[in-house]
Amino acid sequence: MGVEEDLKASPPCHPRACAIQNCLTKNNYNESKCQGLVDALYECCDAFYRKKGDNATSASCPKADLLRLKMKQRQEGTT
């Protein structure tokens, strides 16, 4: 699914959060095998906050300020 479809899910970005859980289960909770899915969730959540504002909430997304911090850390390689 694309970002627009995942933004329409209830709650927004939920399919991407579920994909992470499925990946972790399938890979014995080895987080390194699921990093692409984490990036995809962050991409969706970033789009969600850009569209709805930083005060919006989704059970599938970290709060906007934490999301931006995590995204910055991942870009810098300091997760």
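Treat the numbers as computed from the prediction; the structure is a model and nothing was measured.
- Heavy-atom minimum distance, Ala56 versus Tyr49: O-CE2, 3.3 Å.
- Atom CZ of Arg74 and atom CG of Leu69 lie 12.0 Å apart (nearest 0.5 Å).
- Residues Cys13 and Cys45 come closest through the heavy atom pair SG-N, 3.6 Å.
- Every residue two or more places apart in sequence or in another chain that forms a side chain to side chain contact (heavy atoms under 4.5 Å, CB included) with Ile20 is listed here: Leu24, Leu37, Val38, Leu41.
- Taking all atoms of both residues into account, the shortest heavy-atom contact from Arg16 to Ala40 is NH1-O, 2.7 Å.
- Within a 6.0 Å sphere centred on CG of Asn28, other residues, nucleotides and ligands contribute 12 heavy atoms or fewer.
- With Gln21 contributing its side chain and Ala17 its backbone, the two residues share no donor-acceptor pair below 3.5 Å.
- Atom CZ of Phe48 is separated from atom CG of Leu67 by 11.0 Å, given to the nearest 0.5 angstrom.
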>> The test is side-chain contact (heavy atoms from CB on, under 4.5 Å); show your working for Lys33 and Lys26 and say whether it passes.
In response: CA-CA 10 Å; Lys33 302 237 180 195; Lys26 187 171 85 174; over 6 Å; no

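- Salt bridge annotation for Asp54-Arg68: present, with a cationic side-chain nitrogen under 4.0 angstrom from a carboxylate oxygen.
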> Between Cys44 and Leu7, is a side-chain contact (heavy atoms from CB on, under 4.5 Å) present by the stated rule, with each step listed?
Replying inline: CA-CA 7 Å; Cys44 184; Leu7 286 173; 4.0 Å; yes

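- Not one N or O on the side chain of Ser58 forms a donor-acceptor pair closer than 3.5 Å with the backbone of Pro11.
- Side chain of Gln75 to main chain of Lys72: no donor-acceptor pair is present (N/O by atom type, distance under 3.5 Å, no hydrogens or angles).
- Using a distance-only test at 3.5 Å, with no hydrogens or angles considered, no donor-acceptor pair links the side chain of Asp46 to the main chain of Tyr42.
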> Between Glu4 and Lys51, does a salt bridge (charged side-chain N to carboxylate O under 4.0 Å, His left out) hold up when you go through it step by step?
Replying inline: CA-CA 11 Å; Glu4 286 302 317; Lys51 188 173 193 173; 3.6 Å; yes

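- Residues passing the salt bridge (Lys or Arg N to Asp or Glu O under 4.0 Å) test with Lys63: none are found, sequence neighbours excluded.
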